[in-house]
Structures are given as structure tokens and as C-alpha cells.
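Data block below; observations after.
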Amino acid sequence: MSLRSRLLLVLFLLVALPALAHDSEPINTEFAAPFARRAGNVQFGFSYFWNTELHDVVPMAFEYGFAPRQQIAIEMPMLCAHEPGATLFRPGNLEIQYRYLLAGGSERKFALSLNPSLGIPSGDKRIAERAWEAGGALHLDTHLHPRWFTHMNLGYETPFADFEEKEKNFFYKFAAMYEATERLQPVLEFVGEHDFHSRETRAALVPEAIWRASERWELKAGVPVGLTSSTPDIGVQFQLSWKFGEGHR
């Protein structure tokens, strides 16, 4: 699929999706504002990408605000690997993330946070790299209009112990969101990463829709469209989120 065809597909999906409030978080791009103390969410997803050897087929995450301006998150992936004559479903490595609100907040025009992370080699060694990883990111939210919101994540991660390949990944995620109604919200994400070790760049546009079924439950659906030769041409993503407590700071 050519780049022009992929961009046309993204535009078509944006028009075809219903005009799909602002507690809703995109599938791939994370908030800068942490959850309030004793608040959080549980996320359970499903994804599938064509023309790829390995991907996170059942991403799961837990986020919890444990102190003012701070939260912790645990990501628990279930990986799918396509090998000659077999397809393997095995647990991937756990990732623990910490978030600290540097400035602003969800009730202000912007929020800026620092987000260090630690990857633990807890996954199945047949499918997950047995390496400790460290990383960090800056997250920025903007609320410059009552109905328009943006979220941006810029970060870097690399293995630091027991690694076989020295990946040096700079990742970037950007989401533009529009609150069309109290329940339906369209989103456009641009997500990617560049590995300075292999010099590969992976990037995709992800039109998606968020349905706020109730105050606590959200259902999200997206269609990632690859923009580089090392990115899968197309995929599907679904996510179910359950929230508890009183939301974000």
C-alpha cells in the first residue's frame, strides 16, 4: 500500500466513523495529568496487525493515583509471535511506570509530567527479550478550547542489563481529540518510534473513536495505518476501560 493510499484511507475512516468526554484517554497516547489520589483505571485491550512477526495482542494496564500529583502504572502485555508452522501466545515483560505532575493539571489549560519507567524481564523467554529496560518521557496535555484537547508523549528507552540487542528507541505519540457529545469522541493519533541502533523508523496514523458507555466504562476502537516500510500496513485495536475514584488531577 502506497503512502498516498494510506493517507486517503485514514481520511476516509475519519469521515466514516461517527462523530464520535474529557476523562477519555486515547488508546496509545497517555495523559500527562496523573489520576487523583485513590483513583485509577483498569484497561483491557485486543489488537491485531497484519504483516508483522510480533505484536502485543492483549495489552493490559492498571493505573493508580497513590499520592498528590503522582501515580503508578503497571503494563502487562500478552504477545503474539508468528513463527514458521506455529503461532505463539505468551506473556511479555512487565513494565512499571511512575508519573509526577510538574505543572498544570486536568482543570487547567495544560499539564506537564515526568514519566520514568522500568521494564522487568518477566515474560516467556521464547517470545520476550530477557532484558531489563529503563526509560523516561515527558507528557504534555493542552486544553485550549472547551471541546478540543491534545496529548503528546516524547520519550526514550533502552535495555541496560542482560540484553542481546542494544535497542535505543526514541518514541513519540500525539493525539488530537474532539468532544463531539458527552458520549462520543473522535480521535486522531500519530504514533511512532526510531531505533538509533538499527536505524529503523516505525510510524502510524490511528483514527479512532471513544464511546463513553457510562461514568465508569469506556469502549475504544482504532485502525492503525502504517506510514513506513518497517511498520505493519494496517491493524485493528480495541480497548475497554473501567475507572474508579474521582478522575485526574
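Owing to the predicted nature of the structure, the values given are computational and were not obtained by experimental measurement. Position 1 is the first residue of the sequence, and the numbers go up from there.
Of the N and O atoms on the side chains of Ser230 and Glu200, not one donor lies less than 3.5 Å from an acceptor on the other residue. When only modelled atom types and interatomic distance are considered, Gln43 and Glu63 share a side-chain donor-acceptor pair under 3.5 Å. Counted by atom type alone, Glu189 and Asn28 present one or more donor-acceptor pairs between their side chains at under 3.5 Å. In this model, no donor atom of one side chain and acceptor atom of the other lie less than 3.5 Å apart for Tyr178 and Gln185.
For Pro26 against Met177, the heavy-atom pair with the smallest separation is CG-SD, 3.6 Å. Minimum heavy-atom separation, Ile127 to Ala81: CD1-CB, 3.4 Å. Of all the heavy atoms in Glu95 and Glu157, the pair that sits closest is OE2-OE1, 4.1 Å. Nearest heavy atoms, Lys220 versus Ser241: NZ-OG, 3.4 Å. Here the closest non-hydrogen pair linking Cys80 and Thr87 is SG-CG2, 3.7 Å. Here the shortest heavy-atom pairing between Arg202 and Thr228 reads CA-OG1, 3.7 Å.
With contacts defined as side-chain heavy-atom distances shorter than 4.5 Å, the pair Asp141/Phe149 does not qualify. In this structure, Pro224 and Phe49 have side chains that are in contact, with non-hydrogen atoms separated by less than 4.5 Å. Counting heavy atoms from C-beta on, the side chains of Gln237 and Gln239 never come closer than 4.5 Å. In this structure, Asp233 and Val225 have side chains that are not in contact, with every pair of non-hydrogen atoms separated by 4.5 Å or more. You'll find the side chain of Ile120 stays beyond 4.5 Å of the side chain of Asn93, heavy atoms only. Between Ile234 and Val223, some side-chain heavy-atom pair lies under the 4.5 Å cut-off. With contacts defined as side-chain heavy-atom distances shorter than 4.5 Å, the pair Leu227/Leu205 qualifies. Using a 4.5 Å heavy-atom threshold, the side chains of Asn153 and Tyr172 count as separate.
Judged purely by atom type and a 3.5 angstrom limit, Thr181 uses its side chain to pair as donor or acceptor with the backbone of Arg183. Of the possible polar contacts, one joining the Arg130 side chain to the Gly123 backbone as a donor-acceptor pair under 3.5 Å is found. Of the possible donor and acceptor atoms, none in the side chain of Arg69 sits under 3.5 Å from a partner among the backbone N and O of Tyr100. Side chain of Ser122 to backbone of Leu94: a donor-acceptor contact under 3.5 angstrom is found. Proximity of a side-chain donor or acceptor of Thr158 to a complementary backbone N or O of Glu167 within less than 3.5 Å is detected. A donor-acceptor contact shorter than 3.5 Å is absent between the side chain of His139 and the backbone of Asn115. A donor-acceptor pair under 3.5 Å is formed between the side chain of Arg147 and the backbone N or O of Ala180. Between the side chain of Lys109 and the backbone N or O of Thr142, no donor-acceptor pair lies under 3.5 Å. With hydrogens and angles ignored, the 3.5 Å screen pairs no side-chain donor or acceptor of Arg99 with any backbone N or O of Ile72. Asn169 places no side-chain N or O within 3.5 Å of a backbone atom of Tyr156 that could act as its donor or acceptor partner.
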When you look at Phe160 and Leu118, which way does the side chain to side chain contact (heavy atoms under 4.5 Å, CB included) test go after all the steps?
CA-CA 10 Å; Phe160 66 89; Leu118 174 67; 3.9 Å; yes

Pair Phe170-His194, ring pair (Phe, Tyr, Trp, His ring centres under 6.0 Å): steps then yes or no:
CA-CA 5 Å; Phe170 169 68; His194 177 75; 8.3 Å; no

Before you tell me yes or no, could you show the steps for Trp217 and Leu240 under side chain to side chain contact (heavy atoms under 4.5 Å, CB included), namely the whole-Å CA-CA distance, both residues' side-chain angles and the distance that decides it to 0.1 Å?
CA-CA 7 Å; Trp217 292 94; Leu240 181 66; 3.8 Å; yes

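Other residues, nucleotides and ligands contribute only 12 or fewer heavy atoms inside 6.0 Å of the NZ atom of Lys168. Atom CZ of Arg108 has 12 or fewer neighbouring heavy atoms from other residues, nucleotides or ligands inside a 6.0 Å radius.
The residues Glu215 and Lys243 are annotated as not salt-bridged, no charged nitrogen and carboxylate oxygen being separated by less than 4.0 angstrom.
Ring pair His55/Tyr48: centre-to-centre distance below 6.0 Å. No close placement of the His151 and Phe174 rings is indicated, their centers lying 6.0 Å or farther apart.
From Met60, atom CE reaches atom CD of Glu75 across 11.0 Å, with rounding to the nearest 0.5 Å. A distance of 9.0 Å separates CD of Glu30 from OG of Ser113, quoted to the nearest 0.5 Å. With rounding to the nearest 0.5 Å, the separation of CE in Met78 from OG in Ser47 is 12.0 Å. With values rounded to the nearest 0.5 angstrom, Phe244 atom CZ is found 7.0 Å from Asn41 atom CG. Rounding to the nearest 0.5 Å gives a distance of 7.0 Å between CG of Leu138 and CG of Leu154. Taken from CZ in Phe196 to OG1 in Thr201, the straight-line distance is 8.5 Å, to the nearest 0.5 Å.
Neither Phe46 nor Leu54 shares a network with the other; the hydrophobic side chains, linked directly or stepwise wherever heavy atoms of I, L, V, M, F, W or Y lie under 4.5 Å apart, form separate groups for each.
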